[in-house]
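Note sheet for the following structure.
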Amino acid sequence: QVQLVESGGGLVQAGDSLKLSCLNSGSTFIVFAMGWFRQAPGKDREFVAATTWQGHSTWYGDSVKGRFTISRDNAKNTMYLEMNDVKPDDTAVYYCAATERFDDPRQAYLMDYWGKGTLVTVSS
C-alpha cells in the first residue's frame, strides 16, 4: 500500500521560493512514477510535474517549466517540488500522486494514490 503525505505549503510573496515534500510511508516497490498536481479554486486539477521513481524521466507542465524542479530521495521515500519565482497564479492546493502503471504520469486519471494536499498561497 502507498500512503502519501504532503508538507511544506504556506503563504509566500510573489518572487519567493518554496519547497514541497511528499513522503511515501508505504511501499515504494510498486510505484512506477510520482507527480504533483494542483487545483486552484474554481479550476480543474492541473498537472505540475512528474518523475519516474528511479529518476530516469521527468515531465513539467508548461506553466511551471523553468521555475519548478521535481526531485526525489529514494533513501527517504520522499519526492520534492522546488518552486522558484512563484506567482499569484501558482496559488492552489498541491497534491502528490503516485501510480503503479507503466503509463503517462501526467494524466491525473492514471494515478492510483493521492495525498490530501497542501495549500500554497502566493500574494502579489
Side-chain angles (χ1 to χ4, degrees):
Q1 187 70 7
V2 174
Q3 295 175 314
L4 306 174
V5 179
E6 305 94 337
S7 62
L11 174 63
V12 294
Q13 292 188 329
D16 283 352
S17 296
L18 193 66
K19 190 171 185 177
L20 306 183
S21 300
C22 173
L23 170 66
N24 176 8
S25 60
S27 172
T28 61
F29 295 107
I30 60 175
V31 172
F32 165 65
M34 295 181 68
W36 291 96
F37 295 79
R38 67 186 182 186
Q39 188 163 19
K43 295 188 177 180
D44 293 334
R45 191 164 294 192
E46 176 190 14
F47 167 71
V48 176
T51 178
T52 54
W53 187 242
Q54 295 304 317
H56 298 311
S57 299
T58 57
W59 299 265
Y60 292 94
D62 289 341
S63 60
V64 306
K65 209 170 288 185
R67 299 188 298 122
F68 291 9
T69 302
I70 191 170
S71 62
R72 81 275 175 268
D73 185 331
N74 292 21
K76 295 182 178 179
N77 291 350
T78 301
M79 177 180 66
Y80 304 98
L81 183 70
E82 186 163 0
M83 307 166 62
N84 295 317
D85 189 24
V86 295
K87 306 176 187 302
D89 284 349
D90 294 323
T91 295
V93 176
Y94 283 72
Y95 296 93
C96 170
T99 180
E100 300 177 21
R101 311 168 203 228
F102 291 90
D103 212 319
D104 187 354
R106 296 170 294 182
Q107 304 299 326
Y109 74 93
L110 292 176
M111 306 307 273
D112 299 303
Y113 306 96
W114 292 86
K116 294 183 178 180
T118 185
L119 176 64
V120 173
T121 304
V122 182
S123 64
S124 57

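Treat the numbers as computed from the prediction; the structure is a model and nothing was measured.
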Can you measure from CD (E82) to CG (L20) and round to the nearest 0.5 angstrom?
-> 10.0 Å
Centroid-centroid distance, F37 to Y95, less than 6.0 Å | no
Counting only N and O atoms by type, is there a donor-acceptor contact under 3.5 Å from the side chain of T52 to the main-chain atoms of S57?
-> yes
Where is the tightest heavy-atom contact between V86 and Q13, given as atom of each residue plus distance?
-> CG2-O, 3.5 Å
Quick one: salt bridge (Lys or Arg N to Asp or Glu O under 4.0 Å) pairs with a partner in residues 107-124, sequence neighbours left out?
-> R101-D112
Separation between CD of E6 and OH of Y94, rounded to the nearest 0.5 Å | 12.5 Å
Just checking, is any N or O donor in the side chain of Y113 or Q1 under 3.5 Å from an acceptor N or O on the other one?
-> no
In short, L110 meets D104 closest at the heavy-atom pair CD1-O, 3.5 Å
Atom CZ in R38, atom CZ in F68: separation rounded to 0.5 Å?
-> 5.5 Å
Smallest heavy-atom separation, D73 atom then Y80 atom, equals CB-CE1, 3.9 Å
State the CG-CD distance between N77 and Q3, to the nearest 0.5 angstrom.
-> 12.0 Å
Closest contact, heavy atoms only, S17 versus D85 = OG-N, 4.3 Å
Give a yes or no answer on whether the side chain of T121 reaches the backbone of T91 with a donor-acceptor pair at less than 3.5 Å.
-> no
CG/D44: more than 12 non-hydrogen atoms of other groups inside 6.0 Å = no
For the residue pair L81 and W36, what are the closest heavy atoms and their distance?
-> CB-NE1, 3.5 Å
Side chain to side chain contact (heavy atoms under 4.5 Å, CB included) partner of L4, the single match among L23, N24, V31 = N24
Shortest non-hydrogen separation from A14 to S124 and the atoms involved = CB-CA, 4.4 Å
To the nearest 0.5 Å, what is the distance between CG (L11) and CG (L119)?
-> 9.0 Å
Side chain to side chain, F47 and D62, heavy atoms closer than 4.5 Å | no
Determine whether V5 and M111 fall in the same hydrophobic cluster, where Ile, Leu, Val, Met, Phe, Trp and Tyr are linked whenever their side-chain heavy atoms lie under 4.5 Å apart.
-> no
To the nearest 0.5 Å, how far apart are NZ in K43 and CG in D89?
-> 5.5 Å
Between the side chain of Y60 and the main-chain N/O of I70, is any donor-acceptor distance below 3.5 Å?
-> yes
Under 4.0 Å between a Lys/Arg side-chain N and an Asp/Glu carboxylate O for D90 and K87?
-> no
